[in-house]
Amino acid sequence: MNYNLLIILGFGFFLFNNFLFFVSNADPGQSCPKTSPFVGFKSEFSMVQHQVRGFLTITDDCSFTVSQFDMLSGSDVHFWGSIAPDFDNLTNGFIISDYKLNETYKNASFSVKLSRNATWDRIQVLSIWDLLTESDFGHVILSNGSDLAPAPSGNDSGGEEGKSGPFRVPTMFDNCKVLSNDYRIRWSLDEDFIDIGLEAAISIQNYMAFGWANPNANSEVMIGGDVAVAGFTEEGMPFVDDFYITRYSECTIDKDGSAHGVCPDTIYEGSDPVGLVNNTKLSYGHRRDGVSFIRYRRPLVSVDTKYDLPVNYTENMTVIWALGLMRPPDTIRPYYLPQNHGGRMSVTYGHLVLNVSDQVNECLGPLDAADKEDQDLIIADANKPLVVTTGPAVHYPNPPNPSKVLYINKKEAPVLKVERGVPVKFSVQAGHDVALYITSDLIGGNATLRNKTETIYAGGSEAEGVLASPMELIWEPDRNTPDQVYYHSLFQKKMGWRVQVVDGGLSDMYNNSVLLDDQQVTFFWTLSKDSISIAARGEKKSGYIAIGFGTGMVNSYAYVGWIDDIGKGHVNSFWIDGRDASSVHPTNENLTDIRCKSENGIVTFEFTRPLKPCSHNDRVECKNIIDPTTPLKVIWALGTKWSDEHLNEKNMHFETSHRPIQVLLMRGSAEAEQDLRPVLAVHGFMMFLAWGILLPGGIMAARYLKHVKGDSWYQTHVYLQYSGLAILLLGLLFAVAELRGLYVSSAHVKFGLAAIFLACVQPVNASMRPKKPANGEEVSSKRCLWEYLHFIVGRSAIIVGIAALFSGLKHLGDRYGDENVHGYLWALILWFAIGTMIVTYLEYQEKQRRSGRILGRSNWVLGNLEEEDSIDLLSPARVSAQKDAQHSGRMEVQLEPMNR
């Protein structure tokens, strides 16, 4: 009995000691003094990551309390102390308590005891710190901060901190209301103003809208509504604008300048010179963990009574809200404009009754976004080097960080995606103080200096260079490379970010790839005997990606890849004959092996199509023929949203290529498309000068000027023919040099080469001309054969040359869609019609002259029948005269009467 009693007492003593140990570590002891000047200090946590919110109160010299605390879970999270909030001091801080924060907290309150070696005089910054990632989740500055530089915090824009509180940090408010599972509104009243915070777990491409409904509205509560639309620009900077709703549509501007739909107040008035229309003022904004947060201020009663509704803070009023995709600004509409929210009510839009004077706190716990990655994604390509530089830290994903971080292809610390077995080429231009290396360590900066081990996969102290002398580093991930590694500087911690290592992808599947104009879209292809496999990948986040074959959007064949609302990928082909949505016509091309996906907002699509789509010329897609020997002109566009039918303005792109790229399919390369119309104009003029003036003029000189005494007709003939031939060859060389090759594929090129060949035959033919027969001699058969050949080749060259002129104009129209081509064609027809009439007239005069010459022979004076070059050797009259002379065999004498 006594033995059992001893066991019970011993067990009870053990439990009591453990209880005392727990209390001493979790709660402040009653015996702890309160001598520190920080006792009674109260402040709010500044959010840096993991949606940290809450209050900190110092209770005595060795403990503090945390209340209303929110935080997403981390890896190995502790309370951390440092003497300043800058990067070096924070990373060299120390753990101040044994209390661990390795869970998600939702409006939690608890007490924390400092470690024995931690005192308040050694702590000026109290931070929530993840040891594994060396990350600051949030912090409180215990001093007034007047002599301290704030920690780098991306695009934060506001917030105050002081020695004594209470005070406001920009993420903290008095009230919070849940609008949907992914959307909340926070607010605080401040005399005649209301501060509002919009917070949503959405993509950075989406907007958040909130405002007040018109109290006079009936069933359509959003008509006449006064809302603020907030979001982030393409550069990642926060914005908020004041909008007014006149109808359920995107903002459109009529020809008379009037606006309707969901439009900014300033569009209705045309300008906002004194701030009387846009009465929402941005206070702060950030993107953290896939959550957008915008804080702004607006007056309860605005001076703008036309587009702003007064807010009676003591009454119940109907508020409206929405989430959706956002259209970036363009030259026509220089605003970020919300698109139709779509979706279900209470998910992407809704309305409710709210009295802002009521105390409301429905937001228990942080928003937890499914996709927390906001960094740009770069997919490495074996054929294109990745340019590594440094730049200012604006949106570094793992704060705190140095002021200078690594940029790849002009993007700040992007996620780099590489493929096993595909070499990755880096062009390191970051400076001699930055040595690039690929490591297994998340922090970088040489882990051995922190007494940790790491595996280095590529790079090192030698991988440094500058713009004038870049260093080339080649790394080929193999089958043993982990799925995730990191690129960093060997000399400085936390300058780079993650590398995703995946099995082979597009670079392995396709033989060729090029970056299109502006390096925003990569074009892949593999040629087969009768088909071509094509892939396109955007290099920035978008809702859809489109590539087109043509010199511009109008009159182009387009292929669009997009993801629908349920996450399914689509690829369709279209013919575009205008600049609005009604000009986009679906086609029925035979596309096979279709795939489309989106990774972190980067859309990629693939398909295979025949080189010659079909044999039915009555269908527009049958003209979309790809000739591998001819440069393929490729353009691209990125947009926010696409649909398979009922296209309208919201489906139009927000970014396009500025010019087409000529893709040389056979060579596997590309070059920028140049506007060759000036070049082709010179080429065309030279060919017109040759085929339309000089060469026909030379023939006409030989045909119709032989009656002129002397050999001037012959000199004119030779001069014009050789001048025309020289201009022909110069025009040919000019076009070949500018087009960088001679592609015998079009009818124009075939006609032109045939005509030039015939023209070049003529000088060779002339050099082989048989001798002219002496007076009274019979014309030899060689001479007759040469004359026939010279006649036929010359006339054939002119006919084929004229065909080359007309086909050249048609080729110009097909290439550039030049509106003046039809005028040129009619001018050319008129020119040759006039020329035909002139030839007809000269031919008539020549026949009259020959007739007169034959009749005149009955009256010629004493002399022999002399052969003259003025007699056409191919004319029937000359042949008859020759036969008569042969039969007579004697000299003919005729006496001419003398005139007295």
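In this structure, Y307 has its ring center closer than 6.0 angstrom to the ring center of Y268. A centroid separation of 6.0 Å or more is found between the aromatic rings of Y336 and Y207. For F137 and F45, the ring centers are positioned 6.0 Å apart or more.
Atom CG of N279 is separated from atom CG of D241 by 11.5 Å, given to the nearest 0.5 angstrom. Taking CD from E134 and NZ from K494, the interatomic distance works out to 6.0 Å, rounded to the nearest 0.5 Å. F173 CZ to E44 CD: the interatomic distance, rounded to the nearest 0.5 Å, is 10.0 Å. With values rounded to the nearest 0.5 angstrom, Q51 atom CD is found 5.0 Å from D289 atom CG. In this structure, the separation between CG on L126 and CZ on F41 is 9.5 Å, given to the nearest 0.5 Å. Rounded to the nearest 0.5 Å, atoms NZ (K541) and CD1 (I204) are 6.5 Å apart.
When every heavy atom of L323 is checked against every heavy atom of H341, the shortest pair comes out as O-CB, 3.1 Å. Taking each heavy atom of D70 and N107 in turn, the nearest pair found is OD1-N, 2.6 Å.
At a threshold of 4.0 Å, the pair K411-E539 does not count as salt-bridged, since none of the basic side-chain nitrogens sits closer than that to a carboxylate oxygen. Salt-bridge check for K540 with E234: passed, with a basic side-chain N closer than 4.0 Å to an acidic carboxylate O. For the pair R298 and D226, the salt-bridge criterion is met [side-chain N within less than 4.0 Å of a carboxylate O].
Residues satisfying the ring pair (Phe, Tyr, Trp, His ring centres under 6.0 Å) test with Y487, not counting sequence neighbours, are none. By the ring pair (Phe, Tyr, Trp, His ring centres under 6.0 Å) test, W497 is found to be paired with no residue, residues two or more places apart in sequence or in another chain being considered. Residues meeting the ring pair (Phe, Tyr, Trp, His ring centres under 6.0 Å) test with W187, sequence neighbours left out: none.
Between the side chain of D265 and the backbone N or O of Y244 there is at least one donor-acceptor pair closer than 3.5 Å. In this structure, the side chain of T91 engages the main chain of F87 through a donor-acceptor pair within 3.5 Å. Put simply, the side chain of H395 gets close to the backbone of E235: a donor and an acceptor are under 3.5 Å apart. Between the W80 side chain and the D130 main chain, no donor and acceptor come within less than 3.5 Å of each other. With hydrogens and angles ignored, the 3.5 Å screen pairs no side-chain donor or acceptor of N206 with any backbone N or O of I202. A donor-acceptor contact shorter than 3.5 Å is absent between the side chain of S127 and the backbone of D136. Judged by distance alone, the side chain of R53 and the main-chain N or O of T171 form a donor-acceptor pair under 3.5 Å. At least one donor-acceptor pair under 3.5 Å links the side chain of Q375 to the backbone N or O of A413. Without hydrogens or angle criteria, S357 side chain to Y313 main chain gives a donor-acceptor distance under 3.5 Å.
The one candidate from F210, Y183, W212 that meets the ring pair (Phe, Tyr, Trp, His ring centres under 6.0 Å) condition with W321 is Y183.
Taking the six-membered ring where tryptophan is involved, the planes of F110 and F69 are perpendicular, since the angle between them exceeds 60° and thus also 30°.
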R327 vs E250, test: side-chain contact (heavy atoms from CB on, under 4.5 Å). Steps then yes/no. CA-CA 10 Å; R327 180 197 293 274; E250 295 178 28; 3.5 Å; yes
Would R295 and L198 count as a side-chain contact (heavy atoms from CB on, under 4.5 Å) here? Give the steps. CA-CA 6 Å; R295 179 178 182 135; L198 303 181; over 6 Å; no
Is there a side-chain contact (heavy atoms from CB on, under 4.5 Å) between N361 and C176 once you walk through the steps? CA-CA 5 Å; N361 187 12; C176 185; 4.1 Å; yes
Verdict with supporting geometry, S292 and R287, side chain to side chain donor-acceptor pair (under 3.5 Å): CA-CA 5 Å; S292 293; R287 282 281 299 181; 2.6 Å; yes
For the pair D61 and F38, evaluate side-chain contact (heavy atoms from CB on, under 4.5 Å) and give the outcome as yes or no after the intermediate values. CA-CA 8 Å; D61 290 356; F38 291 107; over 6 Å; no
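Judged by distance alone, the side chains of S302 and D304 never bring a donor and an acceptor atom under 3.5 Å apart. The closest side-chain donor-acceptor pair between N278 and T280 falls under 3.5 angstrom.
Cation-pi geometry between R297 and F193 is met: the NZ or CZ atom falls under 6.0 Å from the ring centre, inside 45° of the normal. Geometrically, K281 does not engage Y296 in a cation-pi contact, judged by NZ or CZ lying under 6.0 Å from the ring centre and within 45° of the ring axis.
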